[in-house]
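It should be emphasised that the depicted structure is a prediction, and the values quoted were computed from it without experimental measurement. One-based numbering along the sequence shown.
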Amino acid sequence: MAHVRTYRPSVRVGNWNEDVTLEEDLLKDFLERKSKGELSVQKTGYLKQNILKQVDLSVSQASCLCFGDVVMLVNVGGSGRDGSAISINADVSSFGPGPDPVIEGPCGISAGRSLKPCTRVAFVITSVDGSAEGEALRYDQSFTLRTTSGFAGGLYLTSDSRTFQKCAKTSRLQEVNLENQCSFLSWWKVVHFDPQERLEYEGLPVPANTNVLITHCKTNQDLAVLGEHVLWTRYGKEYEVVGQTFVDSHKAERDVNHWMLVTSDPTAEGKTMLERPQNRATPREPAPADTDL
């Protein structure tokens with residue numbers, strides 16, 4: 001009798017009615033979330049599809065940067081550090097509500113090693129003093145850097161003095177992130193990278209695709225990429241971006257503070273000026289007389 005089966009497989013035992021109801025509710029909830037695009041796999045696919053979409057960068061007029069230009073912020077790299085571009089470090093938790101969600105702030109940034117122009121690395125040079133689109137951006141002139149409209153949300157690159165509660169994740173230095181609203185914390189200025197020639201270039205148009213410093217107006221700290229502080233993101237191994245000025249023994253800013261505002265190559269569709277052979281090395285600065293418009 002010990003081996004005799006008490007129940008057949010078709011016999012329902014226990015609280016079977018509740019189990020069936022719960023399974024039906026789970027299936028109904030799954031189908032409803034799927035129809036609204038709220039499943040994690042759908043959000044991840046939507047994120048990759050939109051944030052990696054190719055963007056056409058601006059073509060620099062007269063080799064100078066202008067308000068309204070769409071550019072990439074690229075650090076060409078250095079000792080033990082690959083070239084990288086400031087990138088939106090968004091995941092599915094960065095989405096706002098709605099059927100076609102966009103990225104909302106606050107959102108983190110990082111320095112990604114992919115230098116292909118896409119939504120993730122494109123920024124718009126925006127005026128804060130009433131300068132019209134198409135006017136030249138000048139050294140020491142305040143401006144903001146905004147992500148593209150649409151999926152990227154039009155967020156502003158923002159920073160503030162570090163505190164115990166608000167600082168970079170790994171280095172604990174001044175944090176840089178993206179915010180919804182434009183404020184004085186979002187104001188930056190371009191400074192010539194050579195301190196001995198800084199006064200000579202003040203007020204002149206900023207040339208595109210050349211090394212410059214990007215200084216935060218409130219804290220006076222330069223934008224920097226930290227090769228020794230690695231962030232493992234959804235997009236792979238990337239570097240931390242902070243607001244911190246690093247100088248060498250000659251009181252000149254180090255290469256971690258050097259940035260190029262990269263534009264599109266007018267002679268090659270989908271390419272940037274950084275991909276031209278002569279631009280792989282550190283570009284030479286034009287003379288002040290040649291830069292003035």
Side-chain angles (χ1 to χ4, degrees), residues 25-58 68-74 84-128 133 143-160 165-170 175-183 185-188 223 231-242 262 264 270:
D25 289 343
L26 287 174
L27 179 59
K28 182 179 179 180
D29 180 65
F30 171 81
L31 294 176
E32 183 179 358
R33 292 177 60 196
K34 181 180 179 182
S35 64
K36 295 181 179 178
E38 296 177 352
L39 298 178
S40 296
V41 65
Q42 290 177 305
K43 289 183 177 180
T44 301
Y46 180 77
L47 173 66
K48 290 185 176 180
Q49 177 185 358
N50 287 276
I51 205 167
L52 300 179
K53 185 180 296 183
Q54 183 176 346
V55 169
D56 294 327
L57 302 180
S58 299
D69 282 353
V70 181
V71 298
M72 290 196 309
L73 278 70
V74 176
S84 56
I86 292 183
S87 310
I88 304 172
N89 188 11
D91 54 24
V92 294
S93 64
S94 306
F95 287 161
D100 296 317
V102 299
I103 299 174
E104 289 189 343
C107 179
I109 64 167
S110 56
R113 293 183 291 176
S114 174
L115 302 181
K116 297 295 182 182
C118 63
T119 302
R120 188 171 181 238
V121 298
F123 288 85
V124 183
I125 301 174
T126 308
S127 169
V128 297
E133 287 195 8
F143 69 100
T144 62
L145 289 164
R146 176 175 55 85
T147 61
T148 55
S149 57
F151 178 77
L155 306 179
Y156 293 88
L157 192 68
T158 304
S159 187
D160 198 0
Q165 290 79 23
K166 187 175 179 61
C167 56
K169 290 182 179 179
T170 61
E175 183 183 31
V176 182
N177 60 3
L178 297 169
E179 295 285 352
N180 293 319
Q181 300 297 327
C182 178
S183 66
L185 301 180
S186 309
W187 290 21
W188 303 83
L223 201 62
L231 300 176
W232 288 99
T233 70
R234 181 180 294 274
Y235 312 95
K237 176 183 175 182
E238 300 186 340
Y239 305 128
E240 188 170 56
V241 177
V242 299
V262 178
S264 178

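Checked against salt bridge (Lys or Arg N to Asp or Glu O under 4.0 Å), E175 has the following partners two or more places apart in sequence or in another chain: K166. Take K43 and apply the salt bridge (Lys or Arg N to Asp or Glu O under 4.0 Å) test, not counting sequence neighbours, and it matches no residue. Not counting sequence neighbours, the partners of Y46 by the ring pair (Phe, Tyr, Trp, His ring centres under 6.0 Å) test are F95, F151.
The shortest distance between side-chain heavy atoms of V71 and V262 does not fall below 4.5 Å. Looking at heavy atoms from C-beta onward, F123 lies in side-chain contact with L73 at the 4.5 angstrom threshold. Contact of the D56 side chain with the S264 side chain is not registered, since no non-hydrogen atoms from C-beta on lie closer than 4.5 Å. Within the 4.5 Å cutoff, no side-chain heavy atoms of T119 are placed close to those of L52.
The two residues A122 and V70 make their nearest non-hydrogen contact at CB-CG1, 3.9 Å. Between G105 and N180, the closest heavy-atom pair is N-OD1, 2.9 Å. In terms of heavy-atom proximity, L231 sits nearest to E240 at CD1-CA, 4.0 Å. Pairing each heavy atom of A85 with each of V74, the nearest pair is CB-CG2, 4.0 Å. Listed here is the closest heavy atom pair of W187 and C182: NE1-SG, 4.4 Å.
Screening residues 145-160 for salt bridge (Lys or Arg N to Asp or Glu O under 4.0 Å), with sequence neighbours left out, gives D160-K218. For residues 84-97, there are no salt bridge (Lys or Arg N to Asp or Glu O under 4.0 Å) pairs, not counting sequence neighbours.
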Under 3.5 Å, side-chain donor or acceptor atoms of residues 109-118 against the rest of the protein: list the pairs with distances, not counting sequence neighbours.
unit_1 : atom_1 : unit_2 : atom_2 : d
S110   : OG     : E238   : OE1    : 2.4
R113   : NH1    : D82    : OD2    : 3.1

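Within a 6.0 Å sphere centred on CD of E133, heavy atoms belonging to other residues, nucleotides or ligands number 12 at most.
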| request: Start with the C-alpha gap between Y156 and L178, add the side-chain angles, then the distance that decides, and say whether side chain to side chain contact (heavy atoms under 4.5 Å, CB included) holds. | output: CA-CA 5 Å; Y156 293 88; L178 297 169; over 6 Å; no
| task | List the steps and the verdict of side chain to side chain contact (heavy atoms under 4.5 Å, CB included) for L223 and W188. | result | CA-CA 9 Å; L223 201 62; W188 303 83; 3.9 Å; yes
| Given I51 and I103, is the side chain to side chain contact (heavy atoms under 4.5 Å, CB included) satisfied, shown in steps? | CA-CA 10 Å; I51 205 167; I103 299 174; 4.1 Å; yes
| message | Let's go through R234 and T44 carefully: what are the C-alpha distance in whole Å and the side-chain angles of both, what is the deciding distance for side chain to side chain contact (heavy atoms under 4.5 Å, CB included) to 0.1 Å, and is it a yes or a no? | response | CA-CA 10 Å; R234 181 180 294 274; T44 301; 3.5 Å; yes
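One finds the CD1 atom of I86 at 6.0 Å from the CG atom of L157 (value rounded to the nearest 0.5 Å). Here T144 contributes atom OG1 and I125 contributes atom CD1; the two are 9.5 Å apart, rounded to the nearest 0.5 Å. Rounding to the nearest 0.5 Å gives a distance of 11.5 Å between OG of S93 and CD of E104. Rounded to the nearest 0.5 Å, atoms OG1 (T148) and NZ (K53) are 10.0 Å apart.
Within the 3.5 Å criterion, the main-chain N or O of L155 finds a donor-acceptor partner in the side chain of T147. The main-chain N or O of S186 is never found under 3.5 Å from a side-chain atom of T158 such that the two would form a donor-acceptor pair. Formation of a donor-acceptor pair under 3.5 Å by the S94 side chain with backbone atoms of V92 is not found in this model. Checking side-chain atoms of N89 against main-chain N and O of G108 turns up no donor-acceptor pair under 3.5 Å. Without hydrogens or angle criteria, T126 side chain to L145 main chain gives no donor-acceptor distance under 3.5 Å.
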